[in-house]
Amino acid sequence: MLERVTLDQLRMLVAIDDAGSFTAAARQVDRAQSAVSHAIAGLELDMGVALFDRTTRTPKITSAGRAVLAEARTILARVDHLKARARAISAGLEAELLLAVSVVVPRPALIDLLDAFRTEFPSVGLRLFVEEVGGAPQLVMDGQADLGLVGRPSLASNLYEGLEVIAVGAVEIVAVAHPSHPLALLDGPLSEGDMDDHRQLVPTSRALPRYPNRLVQDVWEIADLVVRRDMLMRGLGWGTVPRHLVKDALSRGDLVELDISARPQEAMRVPLYACHRKSAAPGPAAQWLIERAVDVLQQGSQIGERPMPKWERSTNRSSH
C-alpha cells in the first residue's frame, strides 16, 4: 500500500541511519522511541519489505532497507527543495528566469556568472537562449526573455526603444585572417583598397538590417559566430570577431591580427549591456544577475562571496 507511505515515515528511516540507532533517532527527532518503531513497522508493512533485521540485539538495516533509504533521501531532498522554492516565490523571488545572451558575450565569463547564480539562487529555474547578433534584444522585446545580455550592435535598431539598458562591460573586436591570406602578408596598416579586394566574412541576423558596407564587392554573411571563426581559420576570407573567441588561435598562429585602422568602426571595443523591458522591472534574481554581470564582464573579477539575500536567510531559518 505505497499510497499510505508518509514523509514522516521516510524522515524516521533517514534519522535512524544518520543517528545510528532507533534510540538515538528518537532523540534527534524529539519523539518517543515507540513512535519511531511504530513508524518504521508501518513503513515495512506498507512497502511489503523488511527494512531492518531484528534477529540481533540491535536491529540492522537490510539490503532492501538500504535501497529504500537511498530513495527516501532523494524524495525528502526534493520536498525540501519544493518548500524552499515556494517560500522564495512567496517572498517575491522569480520562479524562473529567461535569459537571452548575444553570441558576443564571452563564454567563460557567462559560465562563471551562471555558476554564481546557481549558488545564490538554487530555487530559481533558468532558461538560456544564446542568440545571433540582434536576436537577444528581440526576445526581450517580444516578452520571450526576461533579461538580455547584448552588445551595442544588437541595440542599433529603433525597434528596441522599449528597452531599459544598463552598461555591464565591453568586448574587444579584432580583424583576423589566416596567416597565408594575402592581407596577412602585407606590411603595415591596410588601406580601404586592400580590404575591398578581398572577401570579408561578416555577421548577419534575421533581426538586423544587412551588412551596410556595400563598397566591399565580395561579402559572405554568416550568422553563427563560431562557424565564421572556423571559416576564417580555413582562409575563406578575412573578418572581425571578438578577441576572446580567437585568443587561442592567435597564440597558436592559426590566425593573425590585421591592422584595419582605416576602418575604426569595425575594430573596436563593443560595449555590453544588460537589457529588460521598461514595462517589466527586473525581479530580485534578475537584478542580482545585472549587478554581478558588471563584476564579471566589466572588471573581469572572479566571483566572490556575497551576503545571503533575505529570502535565502528566511528559507534557511525556517528549515531548521
Can you see which heavy atom on [X] is nearest to which on [Y], and at what distance?
X: Leu232; Y: Gly239; answer: CD2-N, 3.4 Å
X: Leu183; Y: Leu190; answer: O-CD2, 3.9 Å
X: Glu192; Y: Ala262; answer: OE2-O, 3.8 Å
X: Asp46; Y: Gln9; answer: OD2-NE2, 3.7 Å
X: Gly253; Y: Pro179; answer: O-CG, 3.0 Å
X: Gly148; Y: Val140; answer: N-CG2, 3.7 Å

Quick check for you: to the nearest 0.5 Å, what is the distance between [X] atom [atom1] and [Y] atom [atom2]?
X: Lys60; Y: Asp53; atom1: NZ; atom2: CG; answer: 9.0 Å
X: Lys278; Y: Met141; atom1: NZ; atom2: CE; answer: 9.5 Å
X: Leu201; Y: Asp230; atom1: CG; atom2: CG; answer: 11.5 Å
X: His178; Y: Leu236; atom1: NE2; atom2: CG; answer: 10.0 Å
X: Arg229; Y: Met231; atom1: CZ; atom2: CE; answer: 13.0 Å
X: Leu113; Y: Arg107; atom1: CG; atom2: CZ; answer: 14.0 Å

Hydrophobic clustering (ILVMFWY, side-chain heavy atoms < 4.5 Å, transitive) - are [Y] and [X] grouped together?
X: Leu110; Y: Leu139; value: no
X: Trp220; Y: Val227; value: yes
X: Leu98; Y: Val165; value: no
X: Leu297; Y: Ile111; value: no
X: Val105; Y: Ile166; value: yes

Checking side chain to side chain contact (heavy atoms under 4.5 Å, CB included) for the pair Arg127/Glu96: CA distance, chi angles, key distance, verdict? CA-CA 8 Å; Arg127 294 184 67 192; Glu96 181 180 59; 3.4 Å; yes
Any side-chain heavy atom of [X] sitting closer than 4.5 Å to one from [Y]?
X: Val36; Y: Thr23; answer: no
X: Phe117; Y: Val124; answer: yes
X: Trp238; Y: Gln200; answer: yes
X: Leu114; Y: Leu99; answer: yes
X: Leu250; Y: Arg243; answer: yes
X: Val270; Y: Pro242; answer: no
X: Leu76; Y: Leu7; answer: yes

Examine the side chains of Asp8 and Thr6 and answer whether a donor and an acceptor come within less than 3.5 Å of each other. no
Indicate whether the side chain of Asp248 and that of Ser251 have a donor and an acceptor atom separated by less than 3.5 Å.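 Ser251 and Asp248 do not have a side-chain donor-acceptor pair below 3.5 Å.
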Using atom types as modelled and distance alone, determine if a side-chain donor or acceptor of [X] lies under 3.5 Å from a backbone N or O of [Y].
X: Arg277; Y: Ala145; value: yes
X: Glu44; Y: Phe52; value: yes
X: Asp194; Y: Ser191; value: yes
X: Thr62; Y: Leu51; value: yes
X: Glu221; Y: Thr204; value: no

Start with the C-alpha gap between Asp146 and Glu94, add the side-chain angles, then the distance that decides, and say whether side chain to side chain contact (heavy atoms under 4.5 Å, CB included) holds. CA-CA 10 Å; Asp146 303 309; Glu94 302 97 319; over 6 Å; no
Apply side chain to side chain contact (heavy atoms under 4.5 Å, CB included) to residues Glu71 and Val68 and explain how you reach the verdict. CA-CA 5 Å; Glu71 294 292 337; Val68 173; 5.6 Å; no
Distance-only donor-acceptor pairs under 3.5 Å for side chains of residues 12-22, two or more places apart:
unit_1	atom_1	unit_2	atom_2	d
Asp17	OD1	Arg66	NH1	2.9
Asp17	OD2	Arg73	NH2	2.9
Asp18	OD1	Arg73	NH1	3.4
Asp18	OD1	Arg73	NH2	2.6
Ser21	OG	Ala24	N	3.0

Pairs involving residues 24-43, ordered by first then second residue, that meet ring-ring contact (aromatic ring centres under 6.0 Å, His included) (sequence neighbours left out):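 As it turns out, there is no ring-ring contact (aromatic ring centres under 6.0 Å, His included) pair with a partner in residues 24-43 once direct neighbours are skipped.
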Using the rule given for side chain to side chain contact (heavy atoms under 4.5 Å, CB included), can you reason through Arg228 versus Leu245, listing the C-alpha separation, both sets of side-chain angles and the distance that settles it, and then say yes or no? CA-CA 11 Å; Arg228 187 155 58 91; Leu245 189 69; over 6 Å; no
Would the number of heavy atoms belonging to other residues, nucleotides or ligands and lying under 6.0 Å from CZ of Arg234 be above 12? no
Note: Arg263-Asp196 ion pair, threshold 4.0 Å (strictly below): yes
Could you list the residues that satisfy ring pair (Phe, Tyr, Trp, His ring centres under 6.0 Å) with His181, not counting sequence neighbours? His198
